[in-house]
Each structure stands twice: as structure tokens, then as C-alpha cells.
Amino acid sequence: MGMQTDVLASQVLTADGQFTNQASATIGRARIKSVYIVPSGTAGSVVFKDGGASGTTVMTLNTVASATQPTYTLFPGQGLLFATNIYADVTSIGSVTIFYG
């Protein structure tokens, strides 16, 4: 990984799964700097896990019930560390993109 100020964007995730980079490779050890979620018409959530579907839950973000009100969350400091990889379990959302480094 480059300098701490290097920030990259994942591919858009629309279903449960590993986050991938723009070249479709699984993102390994990284820190999530921010998250952009496009909700659906009902309230939903994104559960971020380190280590795959059965990995450790690091964070859960809930969304509002509105298909027109995206959620952008910026994390303080150096962000949230995922030591292995970044997996998301999504419920009732349109899509989620992470910005990581």
C-alpha cells in the first residue's frame, strides 16, 4: 500500500460479498476511509465484516427508507482497519461503495 493519503474506490456492491477494487481483485488488508450507500425504498443496513461472511463484524450502518437520500459517512483518523479483507452483508439497499487505503 502507498502513502497513508492514497485513497481508492471499490467497485459498487449490490449484494452480499467481498469488496473488489477497480480491477475486480478482492481488496485485502485495508482501512475504510468512507462509505457511500444508496438506499432502497425501505430501511436497510450494511454489515461490514473482516474475514468473509462468517468473519468478525466491525461495523453496521443503517439506512433510511428513501430511494432518493444516499448516505455518505466519513470516518475519523485513519479509518476502520480490516486485517484480512472487507465483506458486506447488505439488506434492502441499492448499492454501497467504499473508499479505502
Side-chain angles (χ1 to χ4, degrees):
M1 189 169 7
M3 293 174 33
Q4 186 59 39
T5 56
D6 292 347
V7 177
L8 304 167
S10 71
Q11 287 191 1
V12 173
L13 190 70
T14 58
D16 295 356
Q18 301 281 348
F19 279 96
T20 58
N21 62 22
Q22 295 300 312
S24 299
T26 298
I27 298 169
R29 179 185 172 92
R31 290 181 182 271
I32 294 180
K33 308 290 187 168
S34 63
V35 177
Y36 183 77
I37 301 171
V38 176
S40 67
T42 58
S45 66
V46 181
V47 179
F48 293 89
K49 297 182 178 187
D50 185 2
S54 61
T56 303
T57 297
V58 175
M59 168 183 61
T60 300
L61 288 177
N62 296 315
T63 65
V64 296
S66 170
T68 61
Q69 189 174 354
T71 301
Y72 176 74
T73 305
L74 179 65
F75 300 108
Q78 295 182 19
L80 299 173
L81 176 63
F82 289 76
T84 307
N85 55 44
I86 307 169
Y87 182 90
D89 179 357
V90 301
T91 304
S92 298
I93 66 153
S95 66
V96 59
T97 303
I98 61 168
F99 298 90
Y100 67 97

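Side chains are part of it too, since the values below use all heavy atoms of this structure and drop only hydrogens, waters and symmetry mates.
No chain of hydrophobic side-chain contacts below 4.5 Å, direct or via other Ile, Leu, Val, Met, Phe, Trp or Tyr residues, connects Tyr72 to Val46.
Under the 3.5 Å distance criterion, the side-chain polar atoms of Asp16 are matched with a main-chain donor or acceptor of Val90. Under a 3.5 Å cut-off, the side chain of Asn85 and the backbone N or O of Gly28 do not form any donor-acceptor pair. Side chain of Asn62 to main chain of Ala43: no donor-acceptor pair is present (N/O by atom type, distance under 3.5 Å, no hydrogens or angles). Remark: side-chain polar atoms of Ser45 are not paired, donor with acceptor, to backbone N or O of Thr91 under 3.5 angstrom. Here the side chain of Gln11 pairs no donor or acceptor atom with the backbone of Phe19 at under 3.5 angstrom. Using a distance-only test at 3.5 Å, with no hydrogens or angles considered, a donor-acceptor pair links the side chain of Thr63 to the main chain of Gly44.
Counting heavy atoms from C-beta on, the side chains of Phe48 and Val96 come closer than 4.5 Å. Counting heavy atoms from C-beta outward, Leu81 and Arg29 have side chains that approach closer than 4.5 Å. Residues Leu61 and Thr73 meet the side-chain proximity criterion, which asks for heavy atoms closer than 4.5 Å. Annotation: side chain of Ile32 is in contact with side chain of Ile86 (closest heavy-atom distance under 4.5 Å). The shortest side-chain heavy-atom distance between Phe99 and Leu74 does not fall under the 4.5 Å cut-off. The shortest side-chain heavy-atom distance between Tyr87 and Val47 does not fall under the 4.5 Å cut-off.
With Phe82 as reference, Val58 is the one residue of Ile27, Val58, Thr56 to meet the side chain to side chain contact (heavy atoms under 4.5 Å, CB included) rule.
We find the OG1-CD1 distance between Thr42 and Ile93 to be 10.5 Å, quoted to the nearest 0.5 Å. How far CG of Asn21 is from CD1 of Ile98: 10.0 Å, rounded to the nearest 0.5 Å. One distance of note links NZ of Lys33 with CG of Leu8; it measures 10.0 Å at 0.5 Å rounding.
Residues Pro39 and Ile37 come closest through the heavy atom pair CD-O, 3.5 Å. Looking at every heavy atom in both residues, Tyr100 comes nearest to Ala30 through CD1-CB, 4.0 Å. For the residue pair Ser40 and Ser92, the shortest heavy atom distance occurs at OG-O, 2.9 Å. Nearest heavy-atom pair across Thr14 and Ser95 is CG2-CB, 4.0 Å. Annotation for Ala88 and Leu13: closest pair CB-CD2, 3.5 Å, computed over non-hydrogen atoms.
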